Structure formats: structure tokens, C-alpha cells
Visitor: 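Here you go, one structure.
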Amino acid sequence: MGSFPVCLLRFRSTSSRAQRFRFCGDLDCPDWVLAEISTLAKISSVKLKLICAQVLKDLLGEGIDYEKILKLTSDAKFESGDVKATIAVLNFILSSAAKHNVDSESLSSELQQLGLPKEHATGLCRSYEEKQSPLQDSLRGCSLRLNRLDSVSWRVDYTLSSSELQRVNEPVVHLKLNTRDVDKGALEPVAMTLSAEKFRVLLAELKQAHALMKTLD
């Protein structure tokens, strides 16, 4: 009886090891992806390859033909939720594989390990291989998208006195930053009022940030 807990502990340690996949960043495959692999298997390998082409177009910013995907999945009698899940899982597989620089052969092998039929994995990975380089370029360009500073306007007011204090004699900086949303293209004004001391601190920190950015060029 004394040795039983030790045996049980060893069994749990062995069974809890998670399999890691390169296209998941050397982590275990997410449960929702694993669940949708069986959904992909319901589509013919030829149609899956055509759907992959649509998902890749979307990832490359060329748009997706949702009606075409509905026609391609009609034989499998997919409901709206199944179609959306198919697009989502293909989006994850293709973008994650490109992000982690996984070659098509390794991706095919890992997808087959997850239960995707060989002919399906081959077709999917052939589409991936054709667009891997432009896909990586596109993802790299979208990895850090910050709003762009469009213009700056400012005004300095010198306050001599106020209703609270008879004498102030302090300059106040009114600063307005117009930033442009890189996705929507719309201007977003950011206005602030700073004391002379706070403005000096802001200016010093902006100069430090600019100097640091120059070292990264």
C-alpha cells in the first residue's frame, strides 16, 4: 500500500505532457483549433484549397469572397457558424505558421498529427507555400501599426492674475496634436493644457524618445 501513491504520481507526470507544434509557436495546439480540424476534414481537399486561397487573399488585404466560400461549403451542409469557424481556423493556421516561419512540409506534418487527412493537409500547405513570403511581409507590416502624427498646433498664454489669485505671472501652453488613425484614416485631435514646468518635462521626454528611436533605424 505504501508504494501505490508513488506509482500514481509517475502515471500523472507521464500523461500530462503536452505535444508542442511549431505553427503554434512551440506551444500546445489551442483546443478550439483542434476541435475545428474535424470540420475541415468534411470539405473535399480541392474545395479546402480554394477556401484557403480566399483566406490568404483576406490576410493579404485583398478582401474575401464570402459568397464563394458559402458555395464551396454547401455540399458539406455547413451552417453559418461552421463557415465562420472554418475561416477562423484557416486564418489562425496560415497566419500563425507564417508568423513562426514554419515551412510547408513541417506544417503539413503537424496538421496530419492533429488529424487532418493527408490530401487536405497537402492542398492547404501548397496554397500556404505559394503565398508564404508575401504573407510574412504583410504580417510584418501590420505587426506594429501606430497612429501617425499629422500636425501640431500650440499657443502660449501668460496669466497675470486669476479670480483665485491676485498675481500668477505664469505661462500656460495650449497644445493640440492631430493624429491620423492608420486603419480608418480619420483625424483624431488630442488637446491638452500644460504649465511651463510640465511642458518642459514633456519636451525632455519626447527628445529622449526621439533619440532612442534614431538608434533603432
Side-chain angles (χ1 to χ4, degrees), residues 18-148 180-188:
Q19 191 170 2
R20 300 179 184 276
F21 297 88
R22 285 183 58 200
F23 84 95
C24 295
D26 287 323
L27 298 173
D28 190 18
C29 181
D31 289 340
W32 74 271
V33 174
L34 187 60
E36 296 304 332
I37 291 292
S38 59
T39 303
L40 298 181
K42 295 176 183 177
I43 312 167
S44 72
S45 59
V46 174
K47 290 184 177 179
L48 179 62
K49 189 172 186 291
L50 293 173
I51 296 172
C52 282
Q54 287 296 319
V55 174
L56 284 165
K57 284 180 64 178
D58 189 44
L59 287 170
L60 291 170
E62 300 172 9
I64 189 170
D65 189 341
Y66 192 73
E67 290 300 321
K68 187 172 183 177
I69 293 179
L70 286 175
K71 290 179 182 178
L72 290 169
T73 55
S74 60
D75 290 347
K77 293 182 171 47
F78 277 7
E79 296 182 357
S80 177
D82 296 322
V83 176
K84 291 178 180 178
T86 298
I87 295 172
V89 74
L90 288 175
N91 187 298
F92 175 85
I93 292 171
L94 295 166
S95 61
S96 186
K99 175 183 176 182
H100 297 292
N101 198 29
V102 180
D103 60 276
S104 59
E105 186 175 343
S106 298
L107 178 60
S108 177
S109 175
E110 291 187 345
L111 291 175
Q112 289 177 62
Q113 291 177 49
L114 292 172
L116 190 66
K118 183 178 180 179
E119 60 272 19
H120 288 64
T122 300
L124 185 156
C125 292
R126 190 172 292 124
S127 296
Y128 166 73
E129 185 176 22
E130 293 171 357
K131 298 293 184 180
Q132 182 178 1
S133 182
L135 179 56
Q136 288 176 323
D137 291 339
S138 177
L139 292 173
R140 196 176 294 115
C142 297
S143 61
L144 182 59
R145 296 175 63 87
L146 301 176
N147 290 350
R148 181 169 59 85
R180 188 173 296 278
D181 190 301
V182 294
D183 295 317
K184 301 177 183 177
L187 280 178
E188 298 179 354

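The residues of the chain are indexed from 1 along the displayed sequence. Treat the numbers as computed from the prediction; the structure is a model and nothing was measured.
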Visitor: Looking at every non-hydrogen atom in both residues, tell me the closest pair between Ala121 and Leu111 and how far apart they are.
Guide: CB-CB, 4.3 Å
Visitor: Should Asp103 and Arg22 count as an ion pair when the cut-off is N to O under 4.0 Å?
Guide: yes
Visitor: So, for Leu94 and Cys52, which heavy atoms are closest and what is the spacing to 0.1 Å?
Guide: CD1-O, 4.3 Å
Visitor: For the residue pair Leu34 and Leu114, establish whether any side-chain heavy-atom pair is separated by less than 4.5 Å.
Guide: yes
Visitor: Please determine if Asp75 and Lys47 form a salt bridge, counting it only when a charged side-chain N lies under 4.0 Å from a carboxylate O.
Guide: yes
Visitor: Would one find more than 12 heavy atoms of other residues, nucleotides or ligands at under 6.0 Å from atom CD of Glu130?
Guide: yes
Visitor: Should Glu105 and Ser108 be marked as a side-chain hydrogen bond (donor to acceptor under 3.5 Å, both in side chains) after you check the CA-CA gap, both sets of side-chain angles, and the distance that decides it?
Guide: CA-CA 5 Å; Glu105 186 175 343; Ser108 177; over 6 Å; no
Visitor: So which heavy atom on Leu139 is nearest to which on Ser95, and how close?
Guide: CD1-O, 3.6 Å
Visitor: Look at atom CG of Asp26 and say whether more than 12 heavy atoms of other residues, nucleotides or ligands are closer to it than 6.0 Å.
Guide: yes
Visitor: Less than 4.5 Å apart, any side-chain heavy atom of Val46 and any of Lys49?
Guide: no
Visitor: Are Leu90 and Leu124 packed together at the side-chain level, in the sense that at least one heavy-atom pair is separated by less than 4.5 angstrom?
Guide: yes
Visitor: Is there a side-chain contact between Glu36 and Thr86, using heavy atoms and a 4.5 Å cut-off?
Guide: no
Visitor: In Å, rounded to the nearest 0.5 Å, how long is the span from CG of Leu56 to CD1 of Ile64?
Guide: 9.5 Å
Visitor: Do you know which two heavy atoms are closest between His120 and Ser44, and how far apart they sit?
Guide: NE2-C, 3.8 Å
Visitor: Side chains of Phe78 and Leu70, heavy atoms from C-beta outward: is any pair under 4.5 Å?
Guide: no
Visitor: With no hydrogens and no angle check, is any side-chain donor or acceptor of Gln54 less than 3.5 Å from a backbone partner on Asp65?
Guide: yes
Visitor: Nearest 0.5 Å please: distance from the CD atom of Glu110 over to the CD1 atom of Ile93.
Guide: 10.5 Å
Visitor: So, the side chain of Gln136 versus the backbone of Ala98: is there a donor-acceptor pair under 3.5 Å, distance only?
Guide: yes
Visitor: Taking the side chain as every heavy atom from C-beta outward, state whether Ile69 and Val83 have any atom pair closer than 4.5 Å.
Guide: yes
Visitor: Does any part of the side chain of Phe21, heavy atoms only, come nearer than 4.5 Å to the side chain of Val102, both counted from C-beta?
Guide: no
Visitor: For side chain to side chain contact (heavy atoms under 4.5 Å, CB included), just list the numbers for Leu59 and Ser138, CA-CA rounded to whole Å, side-chain angles, deciding distance to a tenth of an Å, and then say yes or no.
Guide: CA-CA 8 Å; Leu59 287 170; Ser138 177; over 6 Å; no
Visitor: Quick check for you: to the nearest 0.5 Å, what is the distance between Gln19 atom CD and Cys24 atom SG?
Guide: 10.5 Å
Visitor: To the closest 0.5 Å, what do you measure between CZ (Arg126) and OG (Ser104)?
Guide: 9.5 Å
Visitor: First locate atom CG of Leu107, then atom CD of Gln112, and finally report the distance between them rounded to the nearest 0.5 Å.
Guide: 10.0 Å
Visitor: For Phe23, does its backbone N or O pair with a side-chain atom of Ser96 as donor and acceptor, under 3.5 Å?
Guide: yes
Visitor: What closest approach, in Å, do Phe92 and Pro30 show between heavy atoms, and which atom pair accounts for it?
Guide: CZ-CG, 3.9 Å
Visitor: Return the NZ to NZ distance between Lys131 and Lys57, rounded to the nearest 0.5 Å.
Guide: 9.5 Å
Visitor: Are Ser45 and Thr122 side-chain neighbours, meaning at least one heavy-atom pair lies under 4.5 Å?
Guide: no
